[in-house]
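Accompanying notes for the structure given below.
When reading the values below, keep in mind they use all heavy atoms of this one structure, side chains included, and skip hydrogens, waters and symmetry mates.
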Amino acid sequence: MAEPQKIESGDPVRKLSGRYLKWTAYGLFLLLMCLLQAAPYLIPEIFGARPLLVVPTVVFIAMFTGPIGGAAAGIAGGLLWDLYSDRLLGFNAIVLLIICCACGLLVRLLIRNNLLSALLLAAGALLFQGLMDWFFNYVLLRGSEPWYMLLHLTLPNALYTLILSPLLYGLTRLIAHILRKRE
């Protein structure tokens with residue numbers, strides 16, 4: 001009797017372990033950025049502005065993983081951020097889901113994955129997330145002085161984060177390069 005031929009499609013255990021390794025590495029990196037963002041005195045405030053490290057981190061992960069991986073990273077980053085913020089649980093998760101899915105699609109279909117496009121996507125994401133947060137938490141809920149909060153809290157936070165974004169992009173690119181080599 002002849003043995004049935006096996007279809008050589010690679011080792012499925014290796015593919016599965018590589019996928020787990022990739023998302024474990026990205027998850028730990030995202031968790032580290034959330035902890036750095038939440039730590040009160042670890043990253044210094046500059047003129048009252050604090051960096052929002054989660055937004056560019058999930059955008060850069062989306063740039064390397066595509067729209068589906070970006071959506072997963074956006075949900076995970078948003079939920080981690082919502083756990084220690086005073087916002088409604090799930091608000092940042094939904095906003096970052098939309099941002100990361102769009103960024104993953106843009107990189108997959110239209111633009112190249114380089115530092116310039118990363119900074120442009122991070123700036124757009126920071127502006128969108130900041131304006132959504134400002135609108136829903138200071139304008140609609142009738143917070144005190146919404147224009148003051150926009151000009152003295154939301155926009156300086158976004159600018160400070162954008163200044164730190166090339167470092168975050170380099171770290172994300174390094175992680176993606178190491179994981180790609182391992183596969």
- [ ] Please round to the nearest 0.5 Å and tell me the distance separating atom CZ of Phe60 and atom CG of Leu119.
- [x] 6.0 Å

TODO: Evaluate the side-chain contact (heavy atoms from CB on, under 4.5 Å) criterion for residues Leu179 and Phe64: first the C-alpha distance (whole Å), next the side-chain angles of each, then the deciding distance (0.1 Å), finally the verdict.
DONE: CA-CA 11 Å; Leu179 293 172; Phe64 286 101; over 6 Å; no

TODO: Look at the side-chain heavy atoms of Ile, Leu, Val, Met, Phe, Trp and Tyr, link any pair under 4.5 Å apart, and say whether Val59 and Leu120 land in one connected group.
DONE: no

TODO: Decide if atom OH of Tyr148 counts as having more than 12 heavy atoms of other residues, nucleotides or ligands within a radius under 6.0 Å.
DONE: no

TODO: Look at the side-chain heavy atoms of Ile, Leu, Val, Met, Phe, Trp and Tyr, link any pair under 4.5 Å apart, and say whether Leu28 and Leu21 land in one connected group.
DONE: no

Task: Taking every non-hydrogen atom, the tightest pair across Leu30 and Ala73 - done: CD2-O, 3.8 Å

Open item on the list: Restricting to non-hydrogen atoms, name the atom on Ala71 and the atom on Leu97 that form the minimum distance, rounded to 0.1 Å.
Closed with: CB-CD1, 3.4 Å

- [ ] Considering non-hydrogen atoms only, spot the tightest contact between Val54 and Cys34 and give its length.
- [x] CG2-SG, 3.4 Å

Open item on the list: Taking CG in Leu174 as the centre, count heavy atoms belonging to other residues, nucleotides or ligands within less than 6.0 Å. Is the count above 12?
Closed with: yes

- [ ] First locate atom CZ of Phe128, then atom CG of Asp133, and finally report the distance between them rounded to the nearest 0.5 Å.
- [x] 11.5 Å

Task: Side-chain heavy atoms of Gln37 within contact of Met33, under 4.5 Å - done: no

Open item on the list: Show the nearest heavy-atom pair for residues Gln129 and Trp81, with the distance to one decimal.
Closed with: NE2-CH2, 3.3 Å

Task: Distance (rounded to the nearest 0.5 Å) between Met63 CE and Asn113 CG - done: 4.0 Å

Task: CD1-CD1 distance between Ile175 and Ile61, expressed to the nearest 0.5 angstrom - done: 7.0 Å

Task: Min side-chain heavy-atom separation Leu150-Trp147 under 4.5 Å - done: yes

- [ ] Determine, using the 4.5 Å side-chain heavy-atom cutoff (strictly less than), whether Leu126 and Ile43 are members of one ILVMFWY cluster.
- [x] yes

Open item on the list: Could you report the tightest heavy-atom contact between Ala62 and Gly70, atom names first, then the distance?
Closed with: CB-CA, 3.5 Å

TODO: Look at the rings of Phe91 and Phe136 and say which category their plane angle falls in: under 30° parallel, 30 to 60° tilted, over 60° perpendicular.
DONE: perpendicular

Task: Within one Ile-Leu-Val-Met-Phe-Trp-Tyr cluster: Leu141 and Ile94, side-chain cutoff 4.5 Å - done: no

TODO: Locate the shortest heavy-atom distance separating Ala49 from Asn157; write the atom from each residue and the value.
DONE: CA-OD1, 3.2 Å

Open item on the list: If we ignore hydrogens and angles and just use 3.5 Å, is the side chain of Ser117 paired with the main-chain N or O of Arg112 as donor and acceptor?
Closed with: yes

Open item on the list: Main chain of Asp82, side chain of Asn92: is a donor-acceptor contact present, judged purely on distance under 3.5 Å?
Closed with: no

Task: Separation of Cys101 SG from Leu96 CG (nearest 0.5 Å) - done: 12.5 Å

- [ ] State plainly whether one hydrophobic cluster holds both Ile98 and Ile75, where clusters connect Ile, Leu, Val, Met, Phe, Trp and Tyr through side-chain heavy atoms under 4.5 angstrom apart.
- [x] no

TODO: First locate atom CH2 of Trp134, then atom CG of Leu127, and finally report the distance between them rounded to the nearest 0.5 Å.
DONE: 11.0 Å

